[in-house]
Amino acid sequence: MMRKVLLAVLTGLLFAGAPLFAQNTIPVTDSQSFTEGFENGGFNLWTIDSTGGGIWSILTGSQSSVASFSYENSGAEGRLISPVLDISSVSEATLTFSYAMMGFMGYDQLDVCYRSAETDSWHILGTHSLSDFNNFYEQTYVLPNLSATYQISFNAHGLGGLYLFVDNIEVASSSSCARPINLAVDNITKNSALLSWSTTGDEVSWTVELNGVETVVNTQPYLMEGLSAQTDYTFRVKANCGGNSESEWATPIYFSTLCDVIVVTDQEPYYDDFESHYDFVCWQTEIISGTDNWTVDPGYLFPNNTAFFIWDGGQARLISAPLDLTAVTDPTITFKHKQLQGTYTADYLSIWYRTNAEDEWHQIYNFAIPTDNWESVLFELPNPSSTYQISFVGEGHHAEGVYVDDVAIGARSVVGIEERPRSEVSISPNPTSGRVMVHSNIVAGEVIVYDMYGKQVAAASISNGISELDLSGYAKGVYVARLMGTGGTATVKIVKE
């Protein structure tokens, strides 16, 4: 399903069929590197060999563009081929690039290759097959057999994954001063962050740049202090190798410092639709189990940004900034969520609160039933405080992910969603050993029964506000019945004895 969504939003220009070595040759020297970020909406002098059935195209998100590989049938291949590079004047050169991919039961494969001449065969530098939605991984290879007619390529194999992206490609001389790679930011607070990177040369110091301000440092990781709270930062670094020798700037990454307490009033609610940033603003993430985490999908899977969690079997928590709710009358939270049906069930979403950072998390509600469309919900927030936090926990069950958007916290009269007339439902008998009658003010529609793992087990139509269910063949336990139709929606529990 996700692959179909991605195919629907892929945009770009494909340049195929032209003789590869008829292109203009691009020189790579000690002072000049070749870089490609696909930000101009096309492939320029790149060529594509899609005879294997796979397609390379440009995917444009809200913040940046990437080269994206897609396919309809498993087993398809496609090769993205660089312009011709003249690297004959340097003694050593490296290829650096970023890649990301994601899969469930199968993972795609990316072969990174080179050739020294048009008549040469492609030689594999390395192979990658890592599934992770949240991260672009930066990789560097030393390039062998340098020549004046050099090319690199990315050969993708569609093996059942959901996407494969390549970005931030650089071919550069490494004979003098190599640029840092694998930039990372950890231990972020309101006023500090721990900056780190990997080195590949003989640096004596580094120049760190945050939002255009440069600082020369002699150690790494480096704790950068004196930052401003609730501020977006662009971080990059270059190596200083002695004398006047310095590297190119590393590919920048982005982070935000944590927020001070956000004061919420009846007139000024807190609202976040995740549109104003490439990452979360005033939210923290925490992995509970597994390896994956919440991320902002930057318009790749939907036209607008959303908070997104997906993994085969892990849990992660998305935590709001501290909120001062003491001046709010009847504090409530509204948000939209979506959990698409997987093969057997949906991934779970639950919402929690705590009154301060030292408090235990308390669950407000758990959503385990799949939703085909966005569902808007409203909950009252108990025990408001001056350091209140809410969180969303995503739990992977091999399905299609958890989405959250348009989070609003404040007075009910300000943030309340437009509510349908309240649906009245009665179940008899409840508990039951078999058959139950469902009476409601939903005149016509459908009632669907799910077990506590979100799997649909029964369904029946609603006629004149009445429906009959037979649960006699099902195991003892708690089931959830969702009623939908003319008159509104309702969700009730049924206990099977």
Side-chain angles (χ1 to χ4, degrees), residues 12-28 33-38 42-58 66-71 73-101 103 106-130 136-161 163-174 181:
L13 300 174
L14 303 181
F15 296 85
L20 299 182
F21 283 73
Q23 307 174 51
N24 295 326
T25 300
I26 299 175
V28 175
S33 61
F34 166 74
T35 60
E36 180 61 80
F38 307 108
F43 281 118
N44 289 330
L45 298 177
W46 291 74
T47 55
I48 296 168
D49 180 0
S50 58
T51 55
I55 299 172
W56 281 96
S57 55
I58 300 295
V66 296
S68 176
F69 176 73
S70 59
Y71 55 95
N73 300 311
S74 184
E77 296 184 18
R79 188 183 297 271
L80 177 62
I81 306 170
S82 78
V84 179
L85 305 175
D86 182 353
I87 324 181
S88 59
S89 67
V90 305
S91 59
E92 296 179 0
T94 57
L95 164 67
T96 301
F97 64 96
S98 299
Y99 72 95
M101 60 180 70
Y107 306 117
D108 296 332
Q109 178 177 305
L110 179 67
D111 295 333
V112 184
C113 308
Y114 82 93
R115 65 183 180 186
S116 298
E118 182 178 14
T119 56
D120 191 12
S121 299
W122 288 109
H123 307 284
I124 296 178
L125 292 166
T127 297
H128 302 273
S129 184
L130 177 65
F136 270 82
Y137 289 92
E138 192 169 54
Q139 179 67 52
T140 295
Y141 288 104
V142 175
L143 294 176
N145 304 323
L146 303 182
S147 72
T149 53
Y150 207 87
Q151 285 184 296
I152 57 100
S153 70
F154 299 92
N155 192 36
H157 306 260
L159 302 176
Y163 71 67
L164 191 159
F165 298 152
V166 172
D167 201 6
N168 299 325
I169 300 165
E170 180 183 51
V171 176
S173 168
S174 58
I181 61 173

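Remark: the Ser68 side chain and the Ser57 side chain contain no N/O donor-acceptor pair separated by less than 3.5 Å. For Asp49 and Thr51, the side-chain atoms include at least one donor-acceptor pair closer than 3.5 Å.
Between Phe165 and Tyr163, the angle of the ring planes stays under 30°, which puts this pair in the parallel group of the 30/60° scheme. Taking the six-membered ring where tryptophan is involved, the planes of Phe38 and Phe43 are perpendicular, since the angle between them exceeds 60° and thus also 30°.
The ring pair (Phe, Tyr, Trp, His ring centres under 6.0 Å) search around Tyr114 returns His123, Tyr150, not counting sequence neighbours. Applying the side chain to side chain contact (heavy atoms under 4.5 Å, CB included) test to Asn168 and every residue at least two apart in sequence or in another chain returns Ser98, Thr251.
Taking CG from Leu159 and CE from Met101, the interatomic distance works out to 9.5 Å, rounded to the nearest 0.5 Å. Rounding to the nearest 0.5 Å gives a distance of 7.5 Å between CG of Asp111 and CZ of Arg79. Of the inter-residue distances, the one linking Ile87 atom CD1 with Thr25 atom OG1 reads 11.0 Å to the nearest 0.5 angstrom. Distance check, rounded to the nearest 0.5 Å: CD1 of Ile169 to OG of Ser33 gives 12.5 Å. Here the straight-line distance linking atom OG1 of Thr140 with atom CG of Leu95 works out to 7.5 Å at 0.5 Å rounding. Note that CG of Asn145 is 8.0 Å distant from CG of Asp120, once rounded to the nearest 0.5 Å.
Ring centers of Phe154 and Tyr99: at least 6.0 Å apart, outside the cut-off.
Leu80 approaches Ala67 most closely through the heavy-atom pair CD2-CB, 3.9 Å. In terms of heavy-atom proximity, Ile124 sits nearest to Cys113 at CG1-SG, 3.9 Å. Nearest heavy atom pair, residue Asp108 against residue Gly160, reads OD1-N, 3.4 Å. In plain terms, the two heavy atoms of Tyr141 and Gly126 that are nearest each other are OH-CA, 3.3 Å.
Checking side-chain atoms of Ser173 against main-chain N and O of Val90 turns up no donor-acceptor pair under 3.5 Å. Between the side chain of Ser147 and the backbone N or O of Thr149 there is at least one donor-acceptor pair closer than 3.5 Å. In this structure, the side chain of Gln151 engages the main chain of Ser82 through a donor-acceptor pair within 3.5 Å.
Of the candidates Tyr71, Trp46, Phe69, Phe69 is the only one forming a ring-ring contact (aromatic ring centres under 6.0 Å, His included) with Trp56.
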